[in-house]
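Shown next, in structure tokens, is the structure this report addresses.
Quantities reported herein were computed from a predicted structural model and do not represent experimental measurements. Each chain gets a letter, A, B and so on, in the order the sequences are listed, and its residues count up from 1.
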2 protein chains.
Amino acid sequence: MDVDTRLLRYFRAVAEEGNLTKAAARLYISQPALTKQIRQLEDQLGATLFERSRSGMALTGPGSALAESIDAVLDAWDRAERAVRAADAEASKVLRVGFLASAANEKTQAILAAFRKRRPDWRVELRQASWGAPAAALASGEVVAAFMRLPFPNQEDCHLLELLTEPRCVAMAANHPLAQQETLRFEDLLDEPVIAAPGATGAFRDHWIGAEARGGRPVKIGAVTEHPDDWLTAIANGDGIALAPESAARYYARPDIAYRPLTGITPSTVALVWPKAARPTSVLGDFIAAAREAADRR
Amino acid sequence: MDVDTRLLRYFRAVAEEGNLTKAAARLYISQPALTKQIRQLEDQLGATLFERSRSGMALTGPGSALAESIDAVLDAWDRAERAVRAADAEASKVLRVGFLASAANEKTQAILAAFRKRRPDWRVELRQASWGAPAAALASGEVVAAFMRLPFPNQEDCHLLELLTEPRCVAMAANHPLAQQETLRFEDLLDEPVIAAPGATGAFRDHWIGAEARGGRPVKIGAVTEHPDDWLTAIANGDGIALAPESAARYYARPDIAYRPLTGITPSTVALVWPKAARPTSVLGDFIAAAREAADRR
DNA sequence: CACATCCATAACCGGAGGTTATCGATGCAT
DNA sequence: ATGCATCGATAACCTCCGGTTATGGATGTG
């Protein structure tokens with residue numbers, strides 16, 4: 001019998017959530033679509049995978065059997081995908097590197113230059129990662145390394161090379177009352193709605209709503225965004241304020257957005273990261289060396 | 001990225017055949033469909049998997065990387081599928097057993113009775129297997145064992161318990177000139193067209209066209225069939241003659257078909273087979289024991 | 001030089017995966 | 001007890017994708 005890995009991911013989500021509605025939300029599809037898909041999986045396998053009840057979906061015996069076997073399938077496919085992408089990169093001499101927003105800021109060019117010196121025949125392709133699943137492209141081998149801000153989800157599966165640390169500031173609509181002040185304290189922002197990353201990003205989201213400095217004070221989410229453009233628009237729109245690295249003021253300057261220095265909040269660190277699971281190649285080694293060189297020279 | 005295992009099988013077929021047209025034929029789809037699918041796989045992976053030329057499709061570097069990783073994925077899924085089916089069988093107390101045509105003939109009832117005595121609360125479900133891929137249902141765990149005639153494709157992946165051996169005879173249209181004779185010699189049939197199993201079945205097909213007794217004499221294929229019904233129809237229709245187990249005369253008697261004893265050809269053996277790959281269960285053990293008991297008592 | 005082989009393209013059809021809207025059942029809080 | 005929130009199932013609909021047949025273009029081959 002054939003399956004789509006998508007179906008397997010769907011199944012896994014439902015098994016983990018124990019709840020169709022929540023699983024559907026997590027998968028960014030509608031609940032009826034998920035209902036249909038799960039039922040179809042059951043039909044194809046000829047087995048009942050879930051016990052439906054008012055309180056949710058509970059795994060049956062066959063369901064548990066599938067849940068236990070499923071990771072092996074998805075992992076095998078991930079490995080296959082990585083192998084193909086690695087071979088393709090080798091063949092076309094392209095190193096694909098992911099980045100979040102402004103990557104390594106002013107250091108980016110130095111790193112790329114240092115790498116070009118080591119591998120003149122290679123080309124570096126920078127790909128923007130979504131905030132929704134910043135590490136997904138790493139896991140699938142779509143990019144072989146990425147410039148990331150710490151922390152991020154599944155960080156423990158990656159090797160890290162810290163590149164720079166910079167203060168965090170606050171971004172808000174230019175006409176926001178607090179923009180009058182030259183400098184702000186984080187305590188002054190506790191009641192402001194905040195523009196946040198998607199909930200699935202865990203520690204990453206928490207870091208950028210300043211959860212660690214709130215002392216348990218609840219936060220009001222003004223909007224959820226996945227890309228810099230949405231993020232900037234939401235801020236300019238007055239949906240809320242947002243924490244941002246200081247460099248955002250240079251890389252994302254706009255007349256309708258004000259960036260203000262902020263006290264009482266820890267700085268942000270940018271690192272080059274690459275998956276522990278991937279077999280390291282010499283080209284990646286050269287890129288890491290280039291990044292290390294550029295990071296040390298300041 | 002998501003894939004359907006179907007796509008992976010398609011890719012594997014093309015990689016093995018080195019030829020779109022032949023691969024398409026093997027997969028029972030049209031060549032344009034396969035062209036599209038392979039191209040789509042390449043698009044999704046963002047890599048060229050094949051080098052196209054007038055002489056066929058040759059794997060590129062990324063293509064080879066995929067070819068090497070692909071079996072792990074498909075095997076993992078096979079295992080998952082088997083695990084689910086096993087758990088489902090356990091839960092619903094159904095033992096699914098495959099069979100080809102008349103299964104174990106007169107022994108079948110004795111085996112089932114012996115099993116019922118051991119496991120009164122279980123039910124046996126007999127499923128007919130296609131001649132096109134007689135062992136497919138075994139590999140996927142759709143059936144946990146099967147009554148098969150030896151040899152069959154991928155036989156080496158299975159444990160065997162031989163149940164009975166019976167002479168092979170010849171089946172032909174009732175109005176066929178040779179049907180006049182009470183007994184025939186295999187040498188008399190060498191020029192007759194033969195109804196055969198699909199080419200992919202290898203040794204199975206060879207056995208039933210009597211390849212081992214032809215001494216290299218070429219065989220004329222009158223028709224290719226996958227199921228007893230097609231087979232009987234083709235014979236009655238005069239498309240060709242066919243070798244058949246003696247018991248076919250009892251289980252597939254028809255006024256428009258004549259079965260005649262045959263000399264100069266080896267007999268046919270029926271065995272109960274079960275995959276080596278599957279974790280053996282105690283129920284299956286009981287079924288095997290029941291089969292052994294019924295086979296020994298004669 | 002005609003033909004066979006092999007892959008690509010075009011036009012078309014049916015089904016499957018997705019969506020929104022809605023319902024029925026059940027548990028919980030007012 | 002009533003009303004509301006939650007959860008899964010169903011219905012109606014749209015789009016796209018996987019399949020089909022027919023055909024073309026390039027390239028060896030008898």
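Atom CG in B/Leu20 sits about 12 Å away from atom P in C/dT9, given to the nearest Å. Computed from coordinates, the A/Glu17 CD to D/dC7 C1' distance equals 14 Å when rounded to whole Å. In this structure, the CD1 atom of A/Ile38 is 11 Å from the P atom of D/dG8, given to the nearest Å. As a whole-Å value, the separation of A/Leu34 CG from C/dA16 C1' is 15 Å. With rounding to whole Å, B/Gln37 atom CD is found 8 Å from D/dG19 atom C1'. Between B/Lys36 atom NZ and C/dT9 atom P there is a gap of 12 Å when expressed in whole angstrom units. Remark: P of D/dC7 and CD of A/Glu51 are 18 Å apart, rounded to the nearest angstrom. With rounding to whole Å, B/Leu7 atom CG is found 13 Å from D/dC17 atom P.
Comparing C/dC7, D/dA9, C/dT20 by their closest approach to the side chain of A/Ser30 singles out C/dT20. Comparing atom distances between the B/Pro32 side chain and each of C/dT19, C/dA10, D/dA9 picks out C/dA10 as nearest. The side chain of B/Arg6 sits closest to D/dG18 out of C/dG18, D/dG18, C/dA8.
With salt bridges taken as basic N to acidic carboxylate O contacts below 4.0 Å, one links B/Arg217 and B/Asp191.
Relative to the ring axis of A/Phe152, A/Arg149 does not place its NZ or CZ within 45° and under 6.0 Å from the centre.
Here B/Asn19 reaches the OP1 or OP2 of C/dC7: one of its side-chain N or O atoms lies under 4.0 Å away. Neither OP1 nor OP2 of D/dA26 sits under 4.0 Å from any side-chain N or O of B/Arg52. Here A/Gln40 does not reach the OP1 or OP2 of C/dA16: none of its side-chain N or O atoms lies under 4.0 Å away. In this model, the phosphate group of C/dA8 is approached by a side-chain N or O of B/Thr35 to a distance below 4.0 Å at OP1 or OP2. The side chain of B/Gln31 places no N or O atom within less than 4.0 Å of a non-bridging phosphate oxygen (OP1 or OP2) of C/dC7.
A donor-acceptor distance shorter than 3.5 angstrom exists from the side chain of A/Asn19 to the backbone of A/Lys22, with no hydrogens or angles considered. Side-chain atoms of A/Arg205 come within 3.5 Å of backbone atoms of A/Ala197 as a donor-acceptor pair (strictly under, hydrogens ignored). The main-chain N or O of B/Ala139 is found under 3.5 Å from a side-chain atom of B/Arg82 such that the two form a donor-acceptor pair.
Ring orientation note: the planes of A/Trp231 and A/Tyr252 are nearly perpendicular, at an angle over 60° on the 30°/60° scale.
In this structure, A/Thr21 reaches the sugar-phosphate backbone alone: every heavy-atom distance under 4.0 Å involves primed, P, OP1 or OP2 atoms, never a base. Counting non-hydrogen atoms under 4.0 angstrom, A/Tyr10 reaches the backbone sugars and phosphates but no base.
When all heavy atoms of B/Gln44 and A/Arg85 are compared, the closest pair comes out as O-NH2, 3.3 Å.
Bending across the helix from C/dC1-D/dG30 to C/dT30-D/dA1, expressed as the angle between its end axes from five pairs apiece, amounts to 10° (10° rounding).
Between the side chains of A/Gln31 and A/Thr35, at least one donor N or O sits under 3.5 Å from an acceptor N or O.
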